[in-house]
Each structure stands twice: as structure tokens, then as C-alpha cells.
Student: 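So that we are looking at the same thing, I have put the structure below in C-alpha cells.
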2 protein chains.
Amino acid sequence: MVTTAGRAPQRGPRRASISDVAQEAGVSLGTVSNVLNRPDRVSPTTRAKVLAAIEHLSFVPNGSARQLRAGTITTVGAILLDIANPFFTEVARGIEDRLAQADHTLMLASSDEDPEREARYLRLFEEHGVLGMLVTPASTDLEPLLELSRRGVGVVLLDRTSPAEELSSVAVDDVAGAAMAVEHLLSLSHRRIAFINGPQSIAQCVDRRAGMVRALEAAGLDPDEAMVEITVSSLNAEGGEAGVTELLAAGTAPSALFCVNDLTALGAMRALRSHGLAIPEDMAVVGYDDVNFASMLMTPLTSVRQPTRQLGEVAADLLLKAAGPGMAAPQRIEFQPELVVRASSGGAR
Amino acid sequence: MVTTAGRAPQRGPRRASISDVAQEAGVSLGTVSNVLNRPDRVSPTTRAKVLAAIEHLSFVPNGSARQLRAGTITTVGAILLDIANPFFTEVARGIEDRLAQADHTLMLASSDEDPEREARYLRLFEEHGVLGMLVTPASTDLEPLLELSRRGVGVVLLDRTSPAEELSSVAVDDVAGAAMAVEHLLSLSHRRIAFINGPQSIAQCVDRRAGMVRALEAAGLDPDEAMVEITVSSLNAEGGEAGVTELLAAGTAPSALFCVNDLTALGAMRALRSHGLAIPEDMAVVGYDDVNFASMLMTPLTSVRQPTRQLGEVAADLLLKAAGPGMAAPQRIEFQPELVVRASSGGAR
DNA sequence: TGTCGTCGTTGAATCGGTTCACAGGCAGAA
DNA sequence: TTCTGCCTGTGAACCGATTCAACGACGACA
């Protein structure tokens, strides 16, 4: 590699600016800006000259400068728990669709369930001056989000109901969903059920646990006995494998397993199989999210379906409404989930 | 200042600026900036005062202004073909990891195989002044990317070898991968093989087709007869379902099916099953990408594995090197894929 | 006591757009 | 002919940060 002496090499021959265009076209600065933003205020002749100059210099306006002066904001940030999870990518699709319709654009980031990464992106997006953010919080402490909102940045909680009045949220009733899943297992005569759950810093984990407890208690069971909870650090296939390994190592495994999401269930099923256990004969399994491949697995997975794409769409709508003119008041929207019974729970006919 | 009636409501009480901080702390503008960027040049007393003011006003520097003036660029854009495809999310993970290590951040976008969307993001990212972009092109025309590169924006092709000397690229040998897949089917005595492929505007589709043709010819077969090609518009499960429907409607279906990627294979298998065909007995199936759930499907999927995460990591490295000081020359990196044989092809023992 | 260097701080210039009050030209009305 | 109003086009002010030449204070040294 050849290093140039002394200075860093300049990156290309400096981007053309609006005044370069003005000079090339023989008009003033403001006229070029008018061509760009209010073409009807410029005569066709001048407009043509300016456009030619723009083409010739391959001029691209500097977004920073524009945003600095005009405050034009068309960027929205989204911080999701795990971008590798089909559930969240589907949500992202919904968001992107709606934003594109409104001529806005999305900056997408994955916190990987790490509050520190989340904080980093929160700050980055704020510095970037986004219109607002859609966040699936990785921590229970919503104070940073509340403060953001007070500072005038639109915030919508995603897949998480807001405990505070001041934040909009779009979510699915996770307590009900988990309760449905566990009731299903109870109806198949399982009396001790393992639960592979994530850290309690994640709202979904708290809610789904609550749903499970509610279902067990409603059936007259003592959760302390009927629920064998295993906490894993990440809500993906690796987590599921680790969870099953731990479960089996502890001996006297229950006859059924409820997993906090489908990816976890995927890993869990893989681990169960590699230990020679049959699904659902030796262990019934239920997941959560109903990701697109759930029905196609070796043993099709019983799971809780959510209106995934819609979740994203509604969240985007809410943000645009809340941040646009009129400043709609915070709104809390909750969808109901639906149980999809397949072979993995042994409940399919 | 009092807001005039009739205007749009102002978004919050205006973000605090550096001069607000300066005033609050009783120091000058430049000093605040020094506290932010070169803390050692400021006396501890002053620094403390300024930090207190920052805290008090919850000041967050305006990224646009900073970037405008300083040209500090730490943002990288990535435009992937389909963010819902686990292959690409894994690549994104690799990219993000490396960028985070270098204290850079990623703006992620999905072109959904649509050249127009791609162009839109290309422009958006350029306006935003990104350091560079990682792109999986949705069209064969690389001219826009070349021009971008000439203008000083770093460009690295992802999962696509560069035909031009001037662009860096990181890819996997798709011709070889597809050839391996087809050779495998040939070795199992299949003589007519269906191929569900995507549009020829996508390089991967062209290359994988070429690999298939190469393998067929090497076996002394005439591709026109031995290959039953079906072109679908999107490389996902829906595409796979549509492809199989079309294939079966045409009658005299081949005994084997090669799919351009695993998502397509997923949809194809779903459709085959719903038509009452057994896999691999009635139809052997091979996919491409070896996504994480391939081994866990009802019939585990034979597929071509690629060093996915590494792909992203190396691409990010290349970009950082090419855009950083030193301006490394364009580099072309190609990995070799690997065939993973499972039950869906009937070739597993 | 005068000079010099160092340290900490200042404030003006600057980045590249947008906006707006205003100027010049021209047509139609009085 | 003069006035009015419309249509184009102009250029200075401004957004909020960074940078740098310059400056005052202070201690060291001759």
C-alpha cells in the first residue's frame, strides 16, 4: 500500500455545492435553491439552465446543510430488539412501507437486547435530528425515552404497552397470548411445564411470564411447582439450545415446554432432538410469534400469532401523526393474539 | 419570542444549542466546543461548569451542524436485497459488528430487489454524507455505483463480484455453488431438473443459473432439455410457492428441483406438500444459503452454505480501509461455498 | 522591572443550504 | 404618462457546530 506523504488524501475533488451550480449556470444562489424546492417560481429558461448545470456537475445537495437550516425532517429511527428475528424484520417491513408512502425514510438498528447499544442508537438518532423513533425497549427503565419525548422527539413504543401516559405505544397483549399457550398445554393434561424465558429487563419476557402464571393459577396450580423456569440471556436459537441443555441437566424434566419466542423454540427443539427426545411424545413444545417457517418445521410448531406487519404499520402511522402538525395526543393501541395449534404440542388433530 | 398565530406548533421548547450552554455556564462558545472535543485543553474548573450546564439543559449536539462544518463522517449505509431473508440479516450482523468496533454506525435499508428503491436509498445516503455504502445491487447496471465511487463515496459490492476494476467487492462463488448443488442432484440420477430462479437483473440469479448450466453440460446434458427454468419475481417463500404452482400446472414435472435460495425452497416445499407430493421421493429439493432453520425443517433442506457473517465483516473492513486515510486500492474478495447434504435431496445417508 | 512562553479562553469565520425582503422589468389600468 | 401589480431573480441573514488566530494573565527568567 502506498501512503501519500503528510496529509490525508482528499476524498475526491470536493463535492459540488449550490454556489458552484449557480456560477456554472450564471444565476444567483437563491435561484438554484428555488429550482430545487419551488420550481414553479422560476422561468422555464432559467430552470433549464440550472438543471443542466446540476447534471453537468452531478450536484447532490448536502443533506446536513439542508436539515440544519430548514429543519426538514423526513427520517425516522427504529431500534428493534433483534433484527435477525423474523418477527422483527416483518415489523420493520410494515414500518418501512408506511414511511415510504409518506415519503419518509427509515434508519434501522438492532439493540440486540443490550440497553447500552440501545442508548447508543438513541443518542445517535437524536443527534441526527430524526423526526421520531420507534423503539422496542431493551430495558425496563423508560426514563430516557420519556425525556426524549419531552424534548420534542416523537417516541412510539413498539411491541410494548406504555406504562406512562405520555408515550404512544403499539403492542399485542402478551399476557393473554402466553395464557392461551399455557391453557392449551394444560388442556392436553400437562401439569408441569418448563418455560424458557429471557431476562426480566425485557417487557415481553415479564408479560409472557405473567400470562403463564395467570393460566396456571386459573387452573388451580401453584406456579412455584408447576412452572420450571429457565432464564437464558438471548432470545434466539442459541438461547433455546442452552435452555434445554440446562433443563435436561437438572433431571426430572416436565412433559411440556413453553418458549418465549419461536427462535428460542427452534433452538430448543434442535437440542431436544439431539438428546434423543421426541416431539411432542417426550416433550410438547409451544413457541411465540408464529414466524414464517413455523409451519414448515420438522415438527410444525404450535405458536401464538400476532398481527406483525400491522404492528409496524400502525406504529409508523402513530409516529407520523404525533410528530406532524396537530400533534396528536399519545395513544395506546393493543392487538389481540391468536393461538395456532400444530403438531409440536401434540394438540393438532 | 412569541409564536405568531396560525403557524405550525413548534416542536418542544427548541433544542438547546451550544451557545445556550455557553451562556448558562458563563463561558464562550469555543470553550464549550473544546470541552466536547478536546477536554484536556480546558481547565478542570471550567470543564465542570460546562458539563453541569450541558447536563442541566440536557444538551445534545446537533449532528447536522457538526457534520456540515467538520465533515466528520462515521456513518455507513448498507442496501441489501431483502432484509427479511435470514441470509442478509446475518450479513448485516457482520457489518454492524465491525462498524461498531470502529465506532461507526450503520444505516440499514432493504431494496426489496427493486432498482428504484435502491436508487432512492443511494441518493438518500449520499445526501446524508455517508462515508460509504455496502450494496447488494438489484440491477445489472452498475454505472450509478461507479459514478458514486468517482465522486469520492466509498462503495463495496456485497455478495456480487465486481466486473469493474474500480469497485471493491466481497462475494461467494455462486457459479461454483450452484454447480455443486446440481452435480449433487445429477449424482442421484436426476436427469431433468427444475430451477426456480429470480429475474436476470439480479447477479446471483445469473450466476447460479450459469453454475447449473455448467454442471449440466459437464455431465453431457443439453441444458435446454435438462433444465426446466421457472422465473419468479421475488426471491422469497411466496415466489417459491408461485414457482411450484406454475411448474405443476405445466405437467410432466421433473424429479428434482433446485431453488435459487432457501426462502424460495421453503415456499416451494410448502406448495409441493399441499399438492400431495413427497419430498424427496416425488421431488428432490435443493436450496441455497443454508439459513439457520434449514436443518430443522420438516424435511431438512440440502443447501449451499456460505460464510455469511464473514461476508459482512470483510465488506465492512474493506470499506473502512478504502475510505479511511491511505485510500487502499479496490480489492476483490471471493469465498468458496460448501454443499450441505440433508434429507430433502434424498442424498443423505 | 521587562520580556518571553505557556496556558486557558475568546470570538469571528466558515461549512452549504433555505428563506425572505427587496429590486428590476414589463404589462395593463387609470 | 404614471401608477400598480405581477413575475423573476438577487443576495444577505441564518441554522449550530468547529477551528484558529489572537489575547490576557501568570510565572519564570534574566
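Order of the sequence lines fixes the chain letters, A, B, ..., with proteins taken first and strands second; residue numbering starts at 1 for each chain.
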Student: So which heavy atom on A:Glu147 is nearest to which on B:Ser58, and how close?
Tutor: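 Looking at all heavy atoms of both residues, the closest pair is OE2-CB, 4.4 Å.
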Student: Quick one: label B:Val27 by what it contacts on the DNA or RNA (base, sugar-phosphate, nothing), any heavy atom closer than 4.0 Å.
Tutor: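 If one applies the 4.0 Å heavy-atom cut-off, B:Val27 turns out to touch the sugar-phosphate alone, with no base involved.
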Student: Give the rounded distance in Å between these two atoms: CG of B:Leu57 and C1' of D:dG16.
Tutor: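 So the CG-C1' distance, B:Leu57 to D:dG16, works out to 15 Å.
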Student: Will you find, in the side chains of A:Gln204 and A:Asp159, an N or O donor that is under 3.5 Å from an N or O acceptor?
Tutor: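 Yes.
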Student: Could you give the CZ-to-C1' distance, from A:Arg41 to C:dC22, as a whole number of Å?
Tutor: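 Answer to the nearest Å: 13 Å.
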Student: Whole-Å distance between D:dA17 C1' and B:Arg15 CZ?
Tutor: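 Checked: the CZ to C1' distance equals 11 Å.
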Student: Should A:Glu96 and B:Arg117 count as an ion pair when the cut-off is N to O under 4.0 Å?
Tutor: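 Yes, this pair counts.
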Student: Contact class for A:Ser17 (heavy atom, under 4.0 Å): base, sugar-phosphate, or nothing?
Tutor: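 Sugar-phosphate contact only - A:Ser17 comes under 4.0 Å of backbone atoms but never of a base.
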Student: Using the rule side chain to side chain contact (heavy atoms under 4.5 Å, CB included), only one of A:Ile333, A:Leu158, A:Val156 pairs with A:Val314; which is it?
Tutor: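 Per the side chain to side chain contact (heavy atoms under 4.5 Å, CB included) rule, the option paired with A:Val314 is A:Ile333, out of A:Ile333, A:Leu158, A:Val156.
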Student: Which residue, B:Asp40 or A:Arg66, contacts DNA chain C at a nucleotide closer to its 5' end, judged by nearest heavy atom?
Tutor: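 Whichever sits nearer the 5' end wins; that is B:Asp40.
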Student: Where the side chain of A:Leu29 is defined as all heavy atoms beyond and including C-beta, which of D:dG16, C:dT9, C:dG17 is the nearest nucleotide?
Tutor: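 Selected nucleotide (nearest to the side chain): C:dG17.
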Student: With a 4.0 Å limit, can you tell me whether B:Thr31 has a side-chain N or O closer than that to the phosphate oxygens OP1/OP2 of C:dT10?
Tutor: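 Yes, within the criterion.
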Student: By the 4.0 Å heavy-atom rule, please label A:Arg38 as base, sugar-phosphate, or nothing.
Tutor: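 Sugar-phosphate, no base atom in range.
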Student: Base, sugar-phosphate or nothing for B:Ser43? Non-hydrogen atoms, less than 4.0 Å.
Tutor: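 Sugar-phosphate: the residue B:Ser43, judged by heavy atoms under 4.0 Å, touches backbone atoms but no base.
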Student: Given atom CD1 of B:Ile18 and atom P of D:dG16, what is their separation to the nearest angstrom?
Tutor: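 Taking CD1 of B:Ile18 and P of D:dG16, I get 11 Å after rounding.
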Student: Specify the residue among B:Arg69 and B:Ser28 whose closest nucleotide of DNA chain C lies further upstream toward the 5′ end.
Tutor: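 First, find each residue's nearest nucleotide; the 5'-ward one identifies B:Ser28.
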Student: Within the structure shown, what part of the strands sits under 4.0 Å from B:Val32 by heavy-atom distance: base, sugar-phosphate, or nothing?
Tutor: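 Answer is nothing: B:Val32 stays at 4.0 Å or more from every strand.
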Student: So, is A:Asn62 close to the C:dG17 phosphate, meaning a side-chain N or O under 4.0 Å from OP1 or OP2?
Tutor: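 For A:Asn62, the contact criterion (side-chain N or O under 4.0 Å from OP1 or OP2 of C:dG17) is not met.
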Student: How close do A:Val50 and A:Ala25 get, counting heavy atoms only, and between which atoms?
Tutor: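 Minimum heavy-atom separation between A:Val50 and A:Ala25: CA-CB, 4.0 Å.
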